[in-house]
Number of protein chains: 2
Amino acid sequence: MSDHVSGKWLQRAGLAQRTGCNLETIRYYEKIGVMPDPPRTASGHRIYDDSHLARLRFILRARELGFAIEQIRGLLDLVAGGTQTCAEVKERTERHLADVRAKIADLRRIEKVLASTAAQCSGDEVPECPVLKALAS
Amino acid sequence: MSDHVSGKWLQRAGLAQRTGCNLETIRYYEKIGVMPDPPRTASGHRIYDDSHLARLRFILRARELGFAIEQIRGLLDLVAGGTQTCAEVKERTERHLADVRAKIADLRRIEKVLASTAAQCSGDEVPECPVLKALAS
DNA sequence: CTACAGTCTGTAGCAGCTACAGGCTCAAGA
DNA sequence: TCTTGAGCCTGTAGCTGCTACAGACTGTAG
């Protein structure tokens, strides 16, 4: 089973290599159903084509943008059903954007506290420490 | 077993209530060893005192600031061993701060991509969508 | 004495992977 | 032709930090 049939089909390692996805992650995506169960060779080896490649890339891009798997599944279902509209997708994107902004706000609050507390540290070899004091208070 | 012996000792629910910690989380912290195995009544009910209260508050504050459990365990070990120095704690805090800042940077990158892509959406009831295009590209 | 709130234990589930072990298959070299 | 080794297969366990449940027991108030 040569992997060199250019642009025709791939095995798992080929798909992983072309997408940068971890080998096991592909199987995981199939198991949870965001990637379809692929066809197999007689001996059970998975066979992927360009449609799998495209779908996996979609998933990976969405994950990079912080979309949860269930949100991605939703987007894929919309497209698969042909029922997607820009209005709907925009709304989902903006909901996710709001989540991202909330996380940023949370982290910035944390950053401020950490930075200002650490700034009070002498950094000396003494047991007293403003950070510990803040945590213990 | 009355819970009203003021300021002397507490049961699990009392500790939870005073710290805002979830009941089950306390047991979890004991299981993983960041909280000590508390003494028990004859019938096996946990008994907590002010030292447990203080330790749990320390843990919860540190968690709020995003410290991982293992980092918190490390800080608590330092203090318990009496070997803590401001220098050491400051260094650990700044390492964590760097992690937090890296996460913020990551989320801001995501935020920018999401915002700018969503801004290109017409928001109309049409199947074409810049967000989907960006994910599929 | 009974009802009910509270506690006890172990275990499973969440997200999103990642990494094994143990067995099979396939192609290339000797 | 046989062997070697890479690659594939499966199921399952582990990671972080909880949270929730079931089923049994205990302790107290009426």
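Throughout, a chain's letter reflects where its sequence line sits, starting with A, and its residues are numbered from 1.
Atom CG in A:Leu23 sits roughly 11 Å away from atom C1' in D:dC9 (whole-Å rounding). When the P atom of C:dT7 is taken as reference, atom CD1 of B:Ile26 falls 10 Å away, rounded to whole Å. One atom, CD of A:Gln17, and another, C1' of D:dA6, lie 15 Å apart when rounded to the nearest Å. Residue B:His45 contributes atom NE2, which lies 16 Å from atom P of C:dA5 at whole-angstrom precision. Summarising the geometry, the separation between CG on A:Leu65 and C1' on C:dG16 is reported as 17 Å, rounded to the nearest angstrom. One atom, CZ of A:Arg46, and another, C1' of C:dT25, lie 14 Å apart when rounded to the nearest Å. Separating the CZ atom of A:Arg73 from the C1' atom of C:dC17 is a distance of 15 Å, rounded to the nearest angstrom. The nearest whole Å value for the distance from the CD atom in A:Glu64 to the P atom in C:dG16 is 15 Å.
Side chain to side chain, B:His52 and B:Asp49 meet the donor-acceptor criterion of an N or O pair below 3.5 Å.
In terms of phosphate contacts, A:Ser43 brings a side-chain nitrogen or oxygen within less than 4.0 Å of OP1 or OP2 of C:dC26. The side chain of B:Arg40 places an N or O atom within less than 4.0 Å of a non-bridging phosphate oxygen (OP1 or OP2) of C:dT9. Neither OP1 nor OP2 of C:dT9 sits under 4.0 Å from any side-chain N or O of B:Arg12.
The backbone N or O of A:Leu65 lies less than 3.5 Å from a partner atom in the side chain of A:His96, making a donor-acceptor pair. Looking only at distances, a side-chain donor or acceptor of A:Arg12 sits under 3.5 Å from a matching main-chain atom of A:Leu23. A donor-acceptor pair is defined here as one N or O able to donate and one able to accept, closer than 3.5 Å; no such pair exists between the side chain of B:Arg108 and the backbone of A:Ile104. Remark: the backbone N or O of B:Thr85 is not paired with any side-chain donor or acceptor of B:Glu88 at under 3.5 angstrom.
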Exercise. Taking protein heavy atoms under 4.0 Å as touching, what does nucleotides 16-22 of chain D look like 5' to 3' if B marks base contact, S marks sugar-phosphate-only contact and - marks none?
Worked result: -BBBBB-
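Taking the charged nitrogens against the carboxylate oxygens, B:Lys133 and B:Glu128 have no contact shorter than 4.0 Å, which rules out a salt bridge. Classification of B:Glu64 and B:Arg61 as a salt-bridged pair fails, no side-chain N sitting under 4.0 Å from a carboxylate O.
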